[in-house]
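What follows is a single structure, written as structure tokens, with notes after it.
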Amino acid sequence: MKLKATLVLFAAVTAGASGFAWRAIRPGEKPVVAERELQWLQREFRLSDDATLRIAALHRRYTTDCESQWLTLQASQAELARLMQSGRGMTPELAAALDRSSAMVAECQRRMAQHFLEVAAIMPPGTSERYIAVMTPVATHPEQGWRNAMH
């Protein structure tokens, strides 16, 4: 398995990446994927051109939805750091900021898991199960998942 190759395709949830770029194609011509990560996904999971295009469309929607949530999470983390560093102890304001931050992280994780399941639903049986096995550590432990899945 070439898992080390690139799971960066789905790192968009943590990086706020943009969608895929496709080169223009003529009718009847095979689509060419411009992103290495999607090429890897297509090759690794032996996806048809149609499945690859459908996954790319899913991923564009996913990254668009997550980008604003990522910016909100970054602002929340900055506020949390400010409150922690204020030295005033566990104030109601800090407790509320921790709750908001945790809720945002949980929502990102939920959306990530949903995205992985939607991608898997496009894949052929057998392939989808292997894909979910690869992506489960990422969805269940996002802080460790990328590192573990890529090694």
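Please read these numbers as outputs of a predicted model, since none were measured by experiment.
Contact annotation: the side chain of His115 approaches that of His59 to within less than 4.5 Å [non-hydrogen atoms, C-beta and beyond].
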Verdict with supporting geometry, Met123 and Arg130, side chain to side chain contact (heavy atoms under 4.5 Å, CB included): CA-CA 10 Å; Met123 296 178 164; Arg130 187 167 65 89; over 6 Å; no
Check against side chain to side chain contact (heavy atoms under 4.5 Å, CB included), Asp49 and Gln42: CA-CA 8 Å; Asp49 292 339; Gln42 186 177 28; 2.9 Å; yes
Step-by-step side chain to side chain contact (heavy atoms under 4.5 Å, CB included) determination, Tyr62 to Val119: CA-CA 11 Å; Tyr62 171 71; Val119 168; over 6 Å; no
Worked verdict on Glu93 versus Arg88 for salt bridge (Lys or Arg N to Asp or Glu O under 4.0 Å): CA-CA 10 Å; Glu93 187 179 16; Arg88 296 184 299 149; 3.0 Å; yes
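Cluster annotation: Leu58 is connected to Leu47 through the hydrophobic network of ILVMFWY side chains, with a link wherever side-chain heavy atoms come within less than 4.5 Å. Note: the hydrophobic cluster containing Leu80 does not contain Leu71 (ILVMFWY, side chain heavy atoms under 4.5 Å, direct or indirect links). Under the 4.5 Å side-chain heavy-atom criterion for ILVMFWY residues, no single connected hydrophobic cluster contains both Val105 and Leu83. Hydrophobic clustering, with ILVMFWY side chains joined whenever heavy atoms are under 4.5 angstrom apart, keeps Met104 apart from Met84.
Not one N or O on the side chain of Ser101 forms a donor-acceptor pair closer than 3.5 Å with the backbone of Ala97. The backbone N or O of Leu98 lies less than 3.5 Å from a partner atom in the side chain of Ser102, making a donor-acceptor pair. The backbone N or O of Arg82 lies less than 3.5 Å from no partner atom in the side chain of Gln85, so there is not a single donor-acceptor pair.
Contact detail for Ile132 and Thr136: the closest heavy-atom pair is O-OG1, 2.6 Å. For Phe45 against Trp40, the heavy-atom pair with the smallest separation is CE1-CH2, 4.0 Å. In plain terms, the two heavy atoms of Gln109 and Ala139 that are nearest each other are NE2-O, 2.6 Å. Residues Thr63 and Arg60 share a closest heavy-atom pair of OG1-O, 3.1 Å.
Between Arg54 atom CZ and Ser48 atom OG the span is 8.0 Å, to the nearest 0.5 Å. The distance from the OG1 atom of Thr72 to the CD atom of Gln69 is 7.5 Å, given to the nearest 0.5 Å. Distance check, rounded to the nearest 0.5 Å: CD of Glu79 to CZ of Arg100 gives 7.0 Å. Remark: Asp99 CG to Leu94 CG distance equals 9.5 Å, nearest 0.5 Å.
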